[in-house]
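What follows is a single structure, written as structure tokens, with notes after it.
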Amino acid sequence: MKIAVIGTGYVGSVTGACFAEMGNKVVCVDKDQKKVDQFASGKVPLHEKGLDEMVERNLKNKTLSFTTDLKDAIKKNDIVFIAVGTPPNEDGSADLSHVLDVARSIGQMMEHPLIVVDKSTVPVGTAELVKKTILEELEKRGENFEVNVVSNPEFLAQGSAVGDFMEPSRVVIGADDPKVIETMKELYEPFTHRESRFFSMDPKTAEIVKYASNCFLAAKISVNNELANICAKAGADFDHVRRAMGADPRIGEAFMYAGPGFGGSCFPKDVKALIKTAKDFGYDAEMFKQTLDTNEKQKFVLSQMVVDEFGEDLQGKVFGVWGLAFKAGTDDMRESSALTIINELIKRGAKIQAHDPEAMHMAKHEEYFGENPNIAYFEDKYKALKGADAMLVITEWKEFRTPDFTEIKKLLNQPMIFDGRLLYEPKKMQELGFDYKSIGRS
Ligand SMILES: NC(=O)c1ccc[n+]([C@@H]2O[C@H](COP(=O)([O-])OP(=O)(O)OC[C@H]3O[C@@H](n4cnc5c(N)ncnc54)[C@H](O)[C@@H]3O)[C@@H](O)[C@H]2O)c1
């Protein structure tokens, strides 16, 4: 099939590359010329496992291309995916301006019937709104092409996005026309043929599925963080609690971790957006409001543990920090808990020596830490600990799991670790002579 994907962020670039990998001819469009140039020359400007190789392979095969020329992409393709950002507005609602900009452009530029697919996470009713927007533009031109707007929410997770797309837990298609559902089924068949993971429904229901999934997962994290905090106060170990809880199939083993609060571009904004949608329908989504409140509080737990140990005045103190990205496997810093934790320490006079395997370049952007003289970055994770008064682990990168503790002990001013991800065994840490403090444990 001939596909255009508009927006080459985490979702758009992975969607485009994976469809190309299955033999479709895909053009990815972005308004950011620099990003397009980087992709087109095979230099993937974001960190996502397996994406570099896939982009390179499909560029070479000419199954994948990148452009800023939206008009040409709309003219030459039959299916147009919208995968632009939907950041939160002040009131928590999803900002649909990018989605509607693209819809307007489609209406202004299309020259034949199109299937337009909303892959961006958008509130209930957006498929209708996108269709209306396209039809209005067509009417202005005196044209009347057939337009089908499909809701196809994306469930990939950053860090495992390529794998998630290639073997999806489910593909959700919201469309009214059975012919369009068939076309989408055919497009996704190579990804879903092993198991029946294709769910078709009406567009509004499909739009809700995405928010429902993210709100459920975010609530699961907040429940676990709350339980972890109770464990820490009660002298229990949440790591054992979650393992035993997870053995109940109704609870499940997946997504049972405690940590310094969820971040990223999806959970915070999608929970806010569903709360706002509910409000617009006259419903007060209290449970999801609490999910966000609990998460906001959780972001301060690790820095408070440091303050409890060192006092409010952290002048002259240095902390070695491992992990800046909002989770492992990505360079994405959006709403990362590391921002709150590090800023809380700096605010009290501390200096930070930070290491992250992928996110350090991103952390230096103006919207995150900028050129902050209180933060020094280290390519070598051990060098970030040299002369530090304690070590903090914020992101659960695999390479932090079994480090050289003898080396760590030598480098730190004193053997003290604040573990935000329950990565290490308290008993072992004690045997190694560390003063070990962890979220979810006393
Ligand atoms: N990141 C995730 O893990 C994830 C997972 C599932 C769903 N989603 C949803 O997918 C959507 C995209 O997320 P993302 O993380 O890929 O966003 P992103 O911010 O990484 O990328 C969005 C891209 O769209 C481009 N863009 C914006 N307006 C444009 C226009 N008019 N024409 C062409 N390009 C335009 C931007 O330049 C940017 O490159 C969001 O709605 C998000 O909620 C994200």
Side-chain angles (χ1 to χ4, degrees), residues 4-18 27-39 44-49 51 66-74 80-89 93-109 117-123 126 130 133 151-165 168-172 206-207 209-215 217-218 262-274 325-336 362 365 367:
V5 179
I6 321 299
T8 61
Y10 291 88
V11 168
S13 60
V14 169
T15 301
C18 291
V27 57
C28 289
V29 185
D30 206 290
K31 60 182 183 181
D32 182 338
Q33 182 73 55
K34 193 172 158 212
K35 219 175 198 180
V36 165
D37 290 345
Q38 285 173 305
F39 271 118
V44 174
L46 48 93
H47 178 75
E48 202 52 67
K49 194 171 151 216
L51 186 59
F66 292 87
T67 184
T68 51
D69 191 343
L70 182 59
K71 189 167 187 182
D72 193 54
I74 290 171
V80 179
F81 280 81
I82 305 179
V84 296
T86 47
N89 283 316
S93 60
D95 174 358
L96 290 179
S97 58
H98 302 298
V99 171
L100 296 180
D101 275 353
V102 175
R104 262 187 297 277
S105 301
I106 292 172
Q108 288 157 6
M109 296 168 177
V117 187
D118 284 343
K119 170 113 351 245
S120 300
T121 302
V122 288
T126 303
V130 165
T133 306
S151 167
N152 170 215
E154 180 50 55
F155 299 97
L156 62 76
Q158 280 173 241
S160 54
V162 171
D164 292 347
F165 199 97
S169 56
R170 71 279 209 204
V171 168
V172 171
E207 285 162 344
V209 173
K210 174 65 188 176
Y211 286 100
S213 302
N214 275 0
C215 286
L217 291 173
F262 59 76
S265 68
C266 293
F267 286 175
K269 96 171 159 63
D270 292 350
V271 179
K272 277 182 209 150
L274 191 62
F326 84 91
K327 68 170 184 175
T330 183
D331 56 353
D332 199 343
M333 288 290 298
R334 288 178 281 186
E335 305 228 15
S336 172
M362 205 59 104
H365 284 196
E367 64 265 42

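The structure presented is a predicted model; accordingly, all values stated were derived computationally and were not measured. Both counts, for ligands and for their atoms, begin at 1 and track the order of listing. Values below: every heavy atom of this structure, side chains too, minus hydrogens, waters and symmetry copies.
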To the nearest 0.5 Å, what is the distance between [atom1] on [X] and [atom2] on [Y]?
| X | Y | atom1 | atom2 | result |
| --- | --- | --- | --- | --- |
| Thr15 | Lys119 | OG1 | NZ | 5.0 Å |
| Gln108 | Thr133 | CD | OG1 | 11.0 Å |
| Asp32 | Gln38 | CG | CD | 8.0 Å |
| Glu154 | Cys266 | CD | SG | 10.0 Å |
| Glu335 | Phe326 | CD | CZ | 10.0 Å |
| Phe155 | Ser213 | CZ | OG | 4.5 Å |

Check your understanding: Hey, does Ala157 come in under 3.5 Å of ligand 1, counting only N/O atoms on both sides?
Key -> no
Check your understanding: Is any N or O atom of Tyr10, backbone or side chain, closer than 3.5 Å to an N or O atom of ligand 1?
Key -> yes
Identify the protein heavy atom lying closest to [atom], giving its residue, its atom name and the separation to 0.1 Å.
| atom | result |
| --- | --- |
| atom 15 (O) of ligand 1 | Arg334 NH2, 3.2 Å |
| atom 5 (C) of ligand 1 | Leu156 O, 3.5 Å |
| atom 42 (C) of ligand 1 | Lys269 NZ, 3.8 Å |
| atom 31 (N) of ligand 1 | Val102 CG2, 3.7 Å |
| atom 34 (N) of ligand 1 | Lys31 N, 3.3 Å |
| atom 4 (C) of ligand 1 | Cys266 SG, 3.2 Å |
| atom 20 (O) of ligand 1 | Gly9 CA, 3.3 Å |
| atom 3 (O) of ligand 1 | Gln158 OE1, 3.2 Å |

Backbone, side chain, both or neither: what part of [X] comes under 4.0 angstrom of ligand 1, heavy atoms only?
| X | value |
| --- | --- |
| Ile6 | side chain |
| Ser120 | both |
| Ser105 | neither |

Study note, to complete from the structure: All heavy atoms of Ala157 vs all of Glu48, minimum pair found to be O-OE2, 4.4 Å
Closer than 4.0 Å to some heavy atom of [X] - which atoms of ligand 1 meet that?
| X | result |
| --- | --- |
| Thr86 | 40 (C), 41 (O), 43 (O) |
| Gly85 | 22 (C) |
| Lys35 | 38 (C), 39 (O) |
| Ala83 | 12 (C) |

Exercise for review: Measure the acute angle between the ring planes of Phe66 and Phe39, then classify it against the limits of 30° and 60° as parallel, tilted or perpendicular.
Suggested key: parallel
Report, one line per pair, each donor and acceptor closer than 3.5 Å where one atom sits in a side chain of residues 100-107; sequence neighbours left out.
residue	atom	partner	partner atom	Å
Asp101	OD1	Arg104	NH2	2.9
Ser105	OG	Asp101	O	3.0

Practice item. Please lay out, stage by stage, how Thr67 and Asp72 fare under the test side chain to side chain contact (heavy atoms under 4.5 Å, CB included). Key: CA-CA 9 Å; Thr67 184; Asp72 193 54; over 6 Å; no
Exercise for review: Could you pull out all residues at least two apart from Ser97 that satisfy side chain to side chain contact (heavy atoms under 4.5 Å, CB included)?
Suggested key: Asp95
